[in-house]
Amino acid sequence: MPDTGITRILVKEAEIAKIVAGLGEEITEHYRGIGGELIVVGLLRGSFVFMADLIRTIHYPLVVDFMAVSSYGTGTVSSGDVKIVMDLDESVEGKHLLLVEDIIDTGSTFKKVIRMLSNRNPQSLRVCTFLNKPSRRKYDVQIDFCGRDIPDEFVCGYGLDFAQKYRNLPYVGVLGK
Ligand code: IMP
Ligand code: MG
């Protein structure tokens with residue numbers, strides 16, 4: 001991986017495809033015959049690559065929307081603070097809401113976003129994350145659909161960034177020190 005700064009690949013492209021396909025099946029099964037509208041909400045910017053792949057594996061009519069929150073500066077350590085940078089366009093009231101995240105780390109971002117979205121009275125609220133770092137959890141978050149647990153390492157690629165870079169890598173890798 002010359003010039004990338006990535007020293008090790010943690011999730012290869014082929015594994016990503018399998019993870020996404022599996023999640024798509026689970027999610028499709030969950031919403032099958034449920035009735036009502038489904039809105040899939042991605043948290044920007046990290047979730048957009050995963051979200052693009054994921055929605056094509058969900059076989060239920062849906063609309064997509066995005067929300068931008070920021071929890072990290074340019075470093076690799078969580079500040080623990082979440083700010084709403086861009087809100088949803090769509091109303092979620094009375095709809096089935098599926099919240100999509102790239103990675104759940106301490107859970108701080110998700111906990112706040114979930115609380116806020118619950119207050120907007122969706123008919124149901126489910127959570128899907130591509131990656132999960134359970135060893136780092138500080139806030140309890142119920143994850144309904146989880147792609148893969150990973151160890152406590154800072155990862156990049158497939159939408160995940162370090163200082164806004166590396167999002168375009170087609171795999172998930174560990175950044176060298
Ligand atoms: P949390 O609030 O601590 O759960 O942090 C969640 C957010 O931090 C995610 O949406 C990511 O944007 C970012 N994040 C956490 N761990 C990583 C990582 O290993 N690589 C890149 N971004 C990460
Ligand atoms: Mg990020």
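All ligand and atom numbering here is 1-based and tracks the order in the structure. All values derive from a computational prediction rather than experimental measurement.
Here atom 11 (C) of ligand 1 lies nearest to I103 when heavy atoms of I103, L10, V174 are compared. Of the candidates V141, V155, V69, it is V155 that places a heavy atom closest to atom 20 (N) of ligand 1.
The shortest heavy-atom distance from E153 to ligand 1 is under 4.0 Å. For F110, the closest heavy-atom approach to ligand 1 does not fall below 4.0 Å. R45 does not count as a contact of ligand 1, since none of its heavy atoms falls under 4.0 Å from the ligand. Residue contacts with ligand 1: G107 is included, with a non-hydrogen atom under 4.0 Å away.
Applying the 6.0 Å contact sphere to CG of D140 captures no more than 12 heavy atoms from other residues, nucleotides or ligands. Counting heavy atoms of neighbouring residues, nucleotides and ligands inside a 6.0 Å radius, atom CD of E15 exceeds 12 of them. At most 12 non-hydrogen atoms from other residues, nucleotides or ligands lie less than 6.0 angstrom from CD of E25.
Counting heavy atoms under 4.0 Å from ligand 1, residue L43 does not touch it at all. With a heavy-atom cut-off of 4.0 Å, L160 touches ligand 1 through its side chain alone.
Of the candidates N168, D53, D102, Y158 forms a side chain to side chain donor-acceptor pair (under 3.5 Å) with just one, namely D53.
Less than 6.0 angstrom separates the ring centroid of F145 from the ring centroid of H30.
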Practice problem: Show your reasoning for whether side chain to side chain contact (heavy atoms under 4.5 Å, CB included) applies to V41 and V100. | Solution: CA-CA 6 Å; V41 170; V100 176; over 6 Å; no

